[in-house]
Amino acid sequence: MNIFDAFKDRLVTIIHKLGEAEPRLAGLALDAVTVEAPRDSAHGDLATNAALVLTKQAGMKPRDIAALLVTALDALPEVAAAEIAGPGFINLRLTDAFWHEQLGAILRAGGEYGRSHVGAGSKVNIEYVSANPTGPMHVGHTRGAVFGDSLANLMAYAGFEVCREYYINDAGAQVEVLARSAYLRYREALGEAIGEIPEGLYPGEYLVPVGKALAAEHGDALCALPEAEWLPIVRDTALAAMMELIRADLAALGISHEVFYSERELHASGAIEKTLEFLDSQGLIYVGVLEPPKGKQPDDWEPRPQTLFKATEFGDDVDRALRKSDGSWTYFAPDIAYHYDKFQRGFTTMVDIFGADHGGYIKRMKAAVAALTGGEGALDIKICQLVRLMRDGELVKMSKRAGTFVTLREVVDEVGRDAVRFMMLFRKNDAPLDFDFAKVTEQSRDNPVFYVQYAHARICSVLRNAATAFPDADLGDAALAGADLSRLGTAEELALIRLLASWPEMAERAARNHEPHRIAFFCHSLASEFHALWNKGNDSPQLRFIVAEDRDVTLARLALIRAVALVIATGLRILGVEPAEEMR
RNA sequence: GGUCCCGUAGCUCAGCUGGAUAGAGCAGCGGACUUCUAAUCCGCAGGUCGUAGGUUCGAAUCCUACCGGGAUCGCCA
């Protein structure tokens, strides 16, 4: 349990106890009571708003409640001072011994420190990437891929049972285009001169091997068949090849999904019809005519009766079409069935990671989930905004037609997996992100990836040097945890322990809010405080981590920085970044 | 026109789901290297938190309206 929750528990106990003597404090709802770190550390280590939020319920003045609480809190052994501040805040200052104890606990927990059970094993389905299987992944897919994967790591760390899932859009018109494009390459492989790839087909070189494979397997047999017969064959081969390509691209980023879910399967199994029958039985499907969009009317608008889902009953702006004019399903229909299937597989919490262009899809999908699950299922949709690639301060222009789009693989090959992953997460998901090739490979503090990696490597380096300076000393985590940590007494050292102690709560919040970027920022601030402390030793040699003539203080300081390294490493692993032990 | 996202220092962004005097980095200026890899650090300076209301003990944070930027808007996926 994190220290804030632990102290809230203590506080709740105290309030219940006080209620025995003071009836106005008995039986109060304590949900709004918080214990947190004050923004300004001059105010103390912990602050609670208890007196402020209880004043109305209790019918007492905030400062009167606070006075009672302070007396009781002050009696706790960990509390060095408790005082009333401002309108009725209670600030607590904890003893140095308490913080030393926390540090020992961090080292004993090691890589498990901060892992929590707030998820309580509840099942979460995280769907991310889901790029169309029509070619290699391009850089635009990268952010969502990294975000989803890190979120999955984060939620698993917080005690959720996570399933990483990829929805294969293998049923739309685009896969037929893929099949025709591959067929052309097949004819090319048989020796035919195909010339320019016609407009509307995929021109990419990546289909050349698919054509060759088809030729090797089928010879020229497919040439004699009508399209209706060769298309399914070519399509399936091409699809398999494209998914292979995509898996390899994802592997380059260290990403692998547990489930690849085929849209085609939904069509084949009758799941769509079954799901829509269910909605129909709820009276949520009807045939109607939609209003044209106000203000901006499409040129070819004509009123037309359609099969519609009553999305408006669940907060959407308009009801949504389920069938195209030719009678086939829209994209929405199988997606409804897909989410229903997730729910039936036991996922009451679902997270979808979408690109910026799918913002308009959120309400209808949430509406569908609400309708399908009777409000039992929760769907959160995270939108990852665009990534702007920068090179030499210039925007890298990409065009599919000109064939100048940058692939995910090119970016990873150029700057490395760790840099890509960290940079993609060093921004809130709903803010656009500039990705500068020069910056992410730079070895300077401008580059946050490097900055954090360097802090970790520097700690490893100090520990290596310490092993030389004290060859007989046991520098293992267990031994360091048992060092005389009371030798850590400077304001900076204690501040660093406090920061480390805030990690579990921070990670829990990040997981609950589905915000892995907070982990990246936390790692950065931890690195920053560490670098600052390191430099204290430049000004005053007695403040160095390794003090040759003082073994005890050295061991205590090594314990501190080792804990910093542990937490940075834990954070980086959640982000999918390898903590470096050495910089070269 | 509808909907969603964004608007915080000259620039790029955090701000822990309502707390106390709003924080970093870059850029600018001034400092610290016979080191534990200075690949770093310290100091100075810099903000009407887009605007106006509202909610309350308390608002960058929640609500409403407007302004500005972006995304999207019946059959694409």
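Not measured: the values here are computed from a predicted model. Lettering of chains follows the sequences in order, A, B, ..., and the numbering in each one begins at 1.
If you check every strand for non-hydrogen atoms under 4.0 Å, G537(A) touches a base. Counting any heavy atom pair closer than 4.0 Å across all strands shown, F450(A) reaches a base atom. No engagement by R464(A) is indicated, since no non-hydrogen atom pair under 4.0 Å with the nucleic acid exists. Among the protein residues, Q443(A) comes within range of the nucleic acid bases, having at least one heavy atom under 4.0 Å from a base atom.
Both cation-pi conditions hold for R391(A) and F437(A): the charged atom is under 6.0 angstrom from the six-membered ring centre and inside a 45 degree cone around its axis.
Comparing the same atom, P, in C29(B) and in C66(B) gives a spacing of 46 Å after rounding to whole Å. One C1' atom belongs to G15(B), the other to G2(B), and the distance between them is 32 Å to the nearest Å. Between U61(B) and U55(B), the two P atoms lie 15 Å apart (nearest whole Å). For the P atoms, the distance linking C49(B) with C36(B) amounts to 47 Å, nearest Å. Between C4(B) and A65(B), the two P atoms lie 10 Å apart (nearest whole Å). Between G25(B) and A14(B), the distance separating the two C1' atoms is 10 Å to the nearest Å. Remark: the separation of the P atoms in G30(B) and C67(B) is 46 Å, to the nearest Å. Spacing of P atoms, U34(B) relative to U12(B), comes out at 39 Å, to the nearest Å.
Closest of all the heavy-atom pairs between V577(A) and Q453(A) is CG1-NE2, 3.6 Å.
Between V53(A) and T34(A), every side-chain heavy-atom pair lies at or beyond the 4.5 Å cut-off. Within the 4.5 Å cutoff, the side chain of H339(A) has heavy atoms near those of the M365(A) side chain. Using a 4.5 Å heavy-atom cutoff, the side chains of Q174(A) and L178(A) are not in contact. Annotation: side chain of L558(A) is in contact with side chain of V462(A) (closest heavy-atom distance under 4.5 Å).
You won't find any donor-acceptor pair under 3.5 Å spanning the side chain of H517(A) and the base of A14(B), going by distance alone. With hydrogens and angles ignored, a donor-acceptor pair under 3.5 angstrom links the side chain of N91(A) to the base of A20(B).
Put simply, R544(A) has a side-chain N or O that comes within less than 4.0 Å of OP1 or OP2 on C36(B).
Judged by ring centres under 5.5 Å apart and planes tilted less than 30 degrees, F89(A) fails to stack against the six-membered base ring of G19(B).
Distance CE (M583(A)) to C1' (U40(B)): 12 Å, rounded to an integer number of Å. For I546(A) and C36(B), the CD1 to P distance is 8 Å, given to the nearest whole Å. For L52(A) and A59(B), the CG to P distance is 13 Å, given to the nearest whole Å. Taking atom CD on Q174(A) and atom C1' on C75(B), their separation rounds to 14 Å, with Å as the unit. In this structure, R388(A) places its CZ atom 12 Å from P of A71(B), rounding to the nearest Å. Taking atom CE on M506(A) and atom C1' on C16(B), their separation rounds to 9 Å, with Å as the unit.
When the nearest nucleotides of RNA chain B are assigned to A356(A) and S325(A) by heavy-atom distance, the more 5′-ward of the two goes with A356(A). Across the interface with RNA chain B, nearest-nucleotide mapping of Y361(A) and F521(A) shows F521(A) to be the residue nearer the 5′ end.
Nucleotide C13(B) is matched to G23(B) when pairs are restricted to Watson-Crick or G-U wobble geometry with both distances under 3.5 angstrom. Using N1 to N3 plus N6-O4 or O6-N4 for Watson-Crick, or N1-O2 and O6-N3 for G-U wobble, each under 3.5 Å, G43(B) pairs with C29(B). Nucleotide A60(B) has no partner under the Watson-Crick or G-U criteria, as no pair reaches both atom distances under 3.5 Å.
A heavy-atom distance below 4.0 Å to RNA chain B is reached by none of the residues of residues 549-558 of chain A.
Set against U72(B), U37(B), C73(B), the side chain of P293(A) has C73(B) as its closest nucleotide. Among U40(B), U37(B), G74(B), the nucleotide with an atom closest to any side-chain atom of N535(A) is U40(B). Here the nucleotide nearest the side chain of N49(A), chosen from U3(B), C16(B), G19(B), is G19(B).
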Distances under 3.5 Å between protein N/O atoms and the N/O atoms of nucleotides 22-31 of chain B, please, pair by pair.
residue : atom : partner : partner atom : Å
G25(B)  : O3'  : R445(A) : NE           : 3.4
C26(B)  : OP1  : R445(A) : NE           : 3.3

Identify each atom pair where a protein N or O and an N or O of nucleotides 63-70 of chain B are less than 3.5 Å apart, giving names and distance.
none

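D352(A) and Y128(A) share no side-chain donor-acceptor pair at under 3.5 Å. Checked by atom type, the side-chain pair E493(A)/T490(A) shows a donor-acceptor distance below 3.5 Å.
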